[in-house]
*Asks:* 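I'd like to ask you about the structure that follows.
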Amino acid sequence: YLKESEGDLDAALHLWDEAARAYVRTPIPDLRPVEAMKAHIYLRQNRIDKAQTWAHKSGLSLHDAPDYLHEFEQLILAKIILADSPNKQQVMDVLKMLDGQLKLAQKQNRLRSQIEILSLQAFAHQTVGENAQAASALEHALKLAEPEGYLRIFVSEGKSIAELLPKIKTTYLQNY
């Protein structure tokens with residue numbers, strides 16, 4: 001995580017490979033599998049083809065029922081779809097999946113998950129030019145994050161979130 005946050009994505013991938021070799025399977029569910037973590041880094045490197053390879057091998061679908069055990073992988077799948085110039089229907093499918101995951105995270109009081117999902121919803125809305133909805137979702141995420149000091153979630157998303165922030169300010173000021 002440190003190498004990724006420093007922007008040394010190649011080193012991060014190397015360390016994830018080492019982690020995979022050292023991993024010992026236990027009965028405890030793996031909420032952030034190494035291969036999904038690597039797919040996330042591939043996206044940050046703009047190596048969409050490598051991320052898509054993981055997505056195809058994962059067997060995940062946007063139509064899977066909301067599930068905490070696979071939430072991280074579902075969010076990575078959504079990011080992969082959004083990174084590859086999706087059509088309107090694909091974005092709507094992503095948003096539907098995210099809505100289900102958000103409702104589950106709210107029901108289970110998982111604040112970090114709610115913030116991550118709302119941020120991804122904002123990006124999805126922005127992808128299809130729904131700027132007001134994008135700004136609303138990101139503003140909601142920021143309001144949840146602020147009291148607890150969550151910052152890394154937004155910084156880790158990089159450019160996609162940075163492009164939305166000025167729109168929130170504009171939308172926020174227009175409403176008040």
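As the structure is a prediction and not an experimental result, all values here were calculated from the model. Reckoned from all heavy atoms, side chains included, excluding hydrogens, waters and symmetry mates.
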*Asks:* Which residues satisfy the side chain to side chain donor-acceptor pair (under 3.5 Å) test with Glu6, sequence neighbours excluded?
*Replies:* none

*Asks:* The criterion is side chain to side chain donor-acceptor pair (under 3.5 Å); which residues satisfy it with Gln52, sequence neighbours excluded?
*Replies:* Asp84

*Asks:* Just verifying a value: how many Å separate Leu43 CG and Ile76 CD1, rounded to the nearest 0.5 Å?
*Replies:* 6.5 Å

*Asks:* Does a side chain donor of either His140 or Gln121 reach within less than 3.5 Å of an acceptor in the other side chain?
*Replies:* no

*Asks:* For a 4.5 angstrom cut-off between non-hydrogen side-chain atoms, does Tyr42 reach Leu13?
*Replies:*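 Yes, their side chains come closer than 4.5 Å.
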
*Asks:* Under the ring-ring contact (aromatic ring centres under 6.0 Å, His included) test, which residues partner Trp54, sequence neighbours left out?
*Replies:* none

*Asks:* What residue pairs, at least two apart or across chains, pass ring-ring contact (aromatic ring centres under 6.0 Å, His included) with a residue in residues 5-37?
*Replies:*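 Sorted pair list: Tyr1-Trp16.
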
*Asks:* Going by the rule side chain to side chain contact (heavy atoms under 4.5 Å, CB included), which residues pair with Asp49 if we only count those two or more places apart in sequence or in a different chain?
*Replies:*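 Side chain to side chain contact (heavy atoms under 4.5 Å, CB included) check on Asp49 returns Arg47.
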
*Asks:* Go through Leu95 and His125 one step at a time and tell me if the side chain to side chain contact (heavy atoms under 4.5 Å, CB included) criterion holds.
*Replies:* CA-CA 8 Å; Leu95 286 166; His125 283 295; 3.6 Å; yes

*Asks:* Once you round to the nearest 0.5 Å, how far does CG of Leu9 lie from NZ of Lys3?
*Replies:* 11.5 Å

*Asks:* Mind checking side chain to side chain contact (heavy atoms under 4.5 Å, CB included) for Ala55 and listing every partner two or more places apart, or none if nothing turns up?
*Replies:*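 Side chain to side chain contact (heavy atoms under 4.5 Å, CB included) check on Ala55 returns Leu77, Ile80.
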
*Asks:* Less than 4.5 Å apart, side chain to side chain, heavy atoms only: is that true for Gln74 and Leu60?
*Replies:*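 Yes; the side chains approach each other to less than 4.5 Å.
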
*Asks:* Do Leu31 and Leu98 sit in the same hydrophobic cluster, where Ile, Leu, Val, Met, Phe, Trp and Tyr count as joined when their side-chain heavy atoms come under 4.5 Å apart?
*Replies:*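 Per the 4.5 Å side-chain linkage, Leu31 and Leu98 are not co-clustered.
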
*Asks:* What residues form a side chain to side chain donor-acceptor pair (under 3.5 Å) with Asp17, not counting sequence neighbours?
*Replies:* Lys38

*Asks:* For residues Ala83 and Ile48, report the shortest heavy-atom separation together with the two atoms involved.
*Replies:* O-CD1, 3.2 Å

*Asks:* Could you tell me whether the side chain of Gln45 reaches within less than 4.5 Å of the side chain of Asp10, counting heavy atoms only?
*Replies:*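 Yes, their side chains come closer than 4.5 Å.
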
*Asks:* Quick one: does any side-chain atom of Thr127 pair with a main-chain N or O of Phe123 as donor and acceptor, under 3.5 Å?
*Replies:*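 Yes.
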
*Asks:* Do the side chains of Leu118 and Leu138 get nearer than 4.5 Å, heavy atoms only?
*Replies:* no

*Asks:* Establish whether Phe72 and Leu104 are linked, either directly or via other cluster members, by ILVMFWY side-chain heavy-atom contacts under 4.5 Å.
*Replies:* no

*Asks:* What are the two closest non-hydrogen atoms of Ser119 and Ala141, and how far apart are they?
*Replies:* OG-CB, 3.8 Å

*Asks:* With a 4.5 Å cut-off on side-chain heavy atoms, are Ile115 and Tyr150 touching?
*Replies:*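 When only atoms from C-beta onward are counted, Ile115 and Tyr150 do touch, with a gap below 4.5 Å.
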
*Asks:* Could you see if Met97 belongs to whatever hydrophobic cluster contains Met92? Use Ile, Leu, Val, Met, Phe, Trp, Tyr and a side-chain cutoff under 4.5 Å.
*Replies:* yes

*Asks:* Might you point out which heavy atoms bring Lys143 and Pro147 nearest each other, and give the distance in Å?
*Replies:* O-CD, 3.1 Å

*Asks:* Determine, step by step, whether Val128 and Asn87 satisfy the side chain to side chain contact (heavy atoms under 4.5 Å, CB included) criterion, reporting the C-alpha distance in whole Å, the side-chain angles of both residues, the deciding distance to 0.1 Å, and the verdict.
*Replies:* CA-CA 8 Å; Val128 290; Asn87 62 42; over 6 Å; no

*Asks:* Under a 4.5 Å cut-off applied to non-hydrogen side-chain atoms, are Lys96 and Leu62 in contact?
*Replies:* no

*Asks:* Roughly how far, to the nearest 0.5 Å, is the CD atom of Glu4 from the CD1 atom of Ile41?
*Replies:*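 Answer for the CD1-CD pair, Ile41 versus Glu4, is 4.5 Å.
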
*Asks:* Sequence neighbours left out, what passes side chain to side chain donor-acceptor pair (under 3.5 Å) with Glu35? Give chain and number order.
*Replies:*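 Glu35 satisfies side chain to side chain donor-acceptor pair (under 3.5 Å) with no residue once adjacent residues are dropped.
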
*Asks:* Scan for salt bridge (charged side-chain N to carboxylate O under 4.0 Å, His left out) pairs involving residues 114-136, sequence neighbours excluded, and state none if there are none.
*Replies:* Arg32-Glu116, Lys88-Glu130, Arg112-Glu116

*Asks:* Which residue pairs pass the side chain to side chain donor-acceptor pair (under 3.5 Å) test when at least one of the two sits in residues 59-72, sequence neighbours left out?
*Replies:*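 Listed by first then second residue: Asp67-His70, Glu71-Arg110, Glu71-Ser113.
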
*Asks:* Do Pro66 and Lys103 have side chains that get closer than 4.5 Å, going by heavy atoms?
*Replies:*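 With C-beta onward as the side chain, the pair stays apart.
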
*Asks:* Applying side chain to side chain contact (heavy atoms under 4.5 Å, CB included), can you list everything that pairs with Lys57, at least two apart in sequence or on another chain?
*Replies:* Thr53

*Asks:* I'd like to check the side chain to side chain contact (heavy atoms under 4.5 Å, CB included) partners of Glu146; sequence neighbours left out, ordered by chain and number.
*Replies:*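 Applying side chain to side chain contact (heavy atoms under 4.5 Å, CB included) to Glu146 gives none.
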
*Asks:* Find out if a path of hydrophobic residues (ILVMFWY) with successive side-chain heavy-atom gaps under 4.5 Å connects Leu144 to Leu102.
*Replies:*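 In one cluster: yes.
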
*Asks:* Write down the atom of Val91, the atom of Ala124, and the distance for their closest heavy-atom approach.
*Replies:* CG1-O, 3.4 Å

